[in-house]
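Structure first, then comments.
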Amino acid sequence: EMKDEMKEMMGEMMDGGEAEERELLSRDGGEMSNEPLMVGVFFKRGDVRKNWKQRFFVTRADYLVEYYESEDKFKAGAKPKGSVNLAGYDVVVDPNGRKVEEKKMDAEIYGTNFNGEYAKYEPLTLECFHDTKRRWLFRFQDADQFNAWSDMFGRCVKKVRNGTLDDEQQQEAYNEAVAAMGRRLMKRPSQGKEIDVITEMLALRAWNVHIGGDKAFKDIPGPPALKKTARAKGFQAVLKVVEAAVTVAWKGLILAVSAAAGKTKELVAKGLGPVREARGSILEKLQGAVSNTIAPVQEKVLDPLASALVSILAKASMGALTSPEEVLDSVTEKYAEDRSQGNDASLKGIKKCRTTMKPVNSSFSDLLSSFSGEAMDGVLSEITSRVSSLGDSIDTIKDLLNLGDLVDELQDASAENTERAGYTFEKLLEDELGGDASQAVSKREHVLQIVKEKYRHDARIDISTAFKNFLNSLLSALLFDKVGEACEKLSEPFDSLVPEALSDLLSVSGLLSEVLEGVVEGVVDTAVEKGLKEMQF
């Protein structure tokens, strides 16, 4: 009841408007929920003995990776030998290359000897690396298996759940707070337990700002190995101090949130009229106070940058976004032939078949490559040529322009829509056949065109969502970097407008964030809507 009252107070701002309805059909939720996302046999290096052992790996629907002694043990229902939670990890496809960079840095900072070469790990070795947790090493049988599992591990990093918050509103508040912290520290938040994420961000800041970073150990007395050891122990000491402080603060925060929830219930019971009135009044005045500061940045930077990025992204991603149609052509042709011959057939599980989905996976791999390495310099150059007023903001954009997450989001959505399209084709074709399977081949093309239209409709929804998520994150950080400090100063006088009795429910800093986010959302919505029309997808 309290949530309903709060949503009513916030109106469409919290409700987010009515979502566009999808047209592709979906199988019953339980029909595929217990099936592993991916399985495979490859080698894992031990953590203590450092020996390599072959194991049977299973990626669960929750993106937790389990490994068993063998496939037979797995099928027999045995307990896994262990599990891998990749929240907060980096998936490294060239562990030798990472070690080269690490040793180069050690040589520069500590004076250690390094000849520029490192080749300890065999080809097809994949590393899952974390600054403070166990390092995982895997070795695969061939390039196809290596590529498939590196892609899967990358998805596990982003999607595995490792948080402790079950309440939806608390989770949303945490995500917003961490995103704001990331904007202030100019660091992209990692995934993982809430305490771990906050600790990592604050420890790195303390290490770099208060200690001086790794280079602070460059000139201490002693041989290079001693300097490197001192640095490692020093960082661990900072990490533990910060972790202790964050843990205490986190527990106190959870207690405070519970207490605030109790107070909120009391206020809801009394009526939210005063809260609504005060909030609306302060928000309106706050918007007026900061509008002159925001307007030039919106006109000269945000609007043209959003339009340029949507145009660049739409053009680059068109091939990958249409690649599932090639898969649908192939699988529906085989399905219709089987049905016309009186055989049972099913398109269930298309998205999990590596061979079937190869055109899609290859297209998205190419798309990711077009946003990586030297190709990224080309993207930045095109942005600069289209938006002449960026100035030194291009450096900030370069730090924040992580297109890997966008590509992953689009690829996940395309795979899911391909699965749904297959099921939709099954249902529509069977309805067309009316029990006469001999007509399956002749009716296939008509049904397929209907399904492709539905696929494109649903794909447009996902493209819009993915582009908006990406642009909102980038432009919010850029706007805060440009005007955040100035707007905070302008908002300080408004603290006195918050009635003392409502201070637990109204925050001027929170309302300011809402104003800035509202500006960005307006810019992004306009750019994406225009871009999708021009895309003609």
Side-chain angles (χ1 to χ4, degrees), residues 12-13 15-23 287 291 294-325 363-364 367 370-371 376 378-391 393-394 396-398 400-403 405-414 417 452-480 482-483 514-537:
E12 292 184 1
M13 188 176 302
D15 290 332
E18 188 173 341
E20 188 174 356
E21 189 171 346
R22 292 180 177 274
E23 295 185 358
Q287 287 171 328
S291 60
I294 296 174
V297 178
Q298 178 180 344
E299 179 183 354
K300 295 180 180 180
V301 178
L302 299 187
D303 286 336
L305 178 59
S307 295
L309 281 171
V310 170
S311 176
I312 292 169
L313 294 173
K315 181 180 178 181
S317 59
M318 178 62 85
L321 294 170
T322 56
S323 61
E325 295 187 16
S363 294
F364 277 98
L367 176 61
S370 71
F371 293 144
M376 178 57 75
V379 174
L380 292 170
S381 177
E382 186 171 354
I383 291 172
T384 304
S385 67
R386 293 189 182 206
V387 190
S388 58
S389 57
L390 284 178
S393 294
I394 194 64
T396 303
I397 293 170
K398 185 176 182 179
L400 297 170
L401 198 63
N402 186 341
L403 291 164
D405 288 349
L406 172 64
V407 174
D408 283 346
E409 186 173 352
L410 291 172
Q411 185 172 2
D412 287 346
S414 296
N417 284 333
K452 284 185 177 181
E453 283 300 315
K454 293 179 180 294
Y455 168 83
R456 290 199 169 209
H457 172 274
D458 286 11
R460 282 192 291 271
I461 296 175
D462 295 317
I463 295 166
S464 175
T465 300
F467 280 13
K468 287 179 180 179
N469 288 342
F470 169 73
L471 289 171
N472 276 321
S473 176
L474 173 64
L475 297 189
S476 292
L478 187 60
L479 181 60
F480 189 92
K482 285 280 190 183
V483 303
E514 192 174 310
V515 170
L516 297 179
E517 289 168 3
V519 170
V520 170
E521 287 176 7
V523 169
V524 169
D525 287 349
T526 300
V528 171
E529 182 178 354
K530 180 182 177 182
L532 288 181
K533 286 181 180 178
E534 294 175 351
M535 193 176 181
Q536 296 182 344
F537 180 80

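Along the sequence shown, residues are numbered consecutively beginning with 1. In this text the structure is predicted, and so the values were computed from the model without any measurement.
- Val524 places none of its side-chain heavy atoms less than 4.5 Å from the side chain of Val310.
- Here Asp303 contributes atom CG and Leu475 contributes atom CG; the two are 9.5 Å apart, rounded to the nearest 0.5 Å.
- Between Asp525 and Lys530 there is no salt bridge, since no side-chain nitrogen of the basic residue lies less than 4.0 Å from a carboxylate oxygen of the acidic one.
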Pair Val379-Phe371, side-chain contact (heavy atoms from CB on, under 4.5 Å): steps then yes or no
CA-CA 7 Å; Val379 174; Phe371 293 144; 4.0 Å; yes
With a 3.5 Å cut-off and sequence neighbours excluded, list the donor-acceptor pairs that the side chains of residues 381-388 form with protein atoms.
from: Glu382; atom 1: OE2; to: Arg386; atom 2: NE; distance (Å): 3.4
from: Glu382; atom 1: OE2; to: Arg386; atom 2: NH2; distance (Å): 2.9
from: Thr384; atom 1: OG1; to: Leu380; atom 2: O; distance (Å): 2.9
from: Ser385; atom 1: OG; to: Glu382; atom 2: O; distance (Å): 2.7
from: Arg386; atom 1: NH1; to: Ser311; atom 2: OG; distance (Å): 2.9

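- In this structure Lys452 satisfies the side chain to side chain donor-acceptor pair (under 3.5 Å) test together with Asp329, sequence neighbours excluded.
- Taking CD of Glu514 as the start and CD of Glu521 as the end, the distance is 9.0 Å to the nearest 0.5 Å.
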When you look at Ser476 and Leu516, which way does the side-chain contact (heavy atoms from CB on, under 4.5 Å) test go after all the steps?
CA-CA 7 Å; Ser476 292; Leu516 297 179; over 6 Å; no
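- Atoms NZ and CG, from Lys454 and Asp458 in turn, are 8.5 Å apart once rounded to the nearest 0.5 Å.
- With rounding to the nearest 0.5 Å, the separation of CD in Glu529 from CZ in Phe467 is 14.5 Å.
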Given the rule in the side-chain contact (heavy atoms from CB on, under 4.5 Å) test, do Thr465 and Arg460 qualify, once you have shown the distances and angles that lead to the verdict?
CA-CA 8 Å; Thr465 300; Arg460 282 192 291 271; over 6 Å; no
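- No side-chain heavy atom of Leu305 sits under 4.5 Å from any side-chain heavy atom of Leu471.
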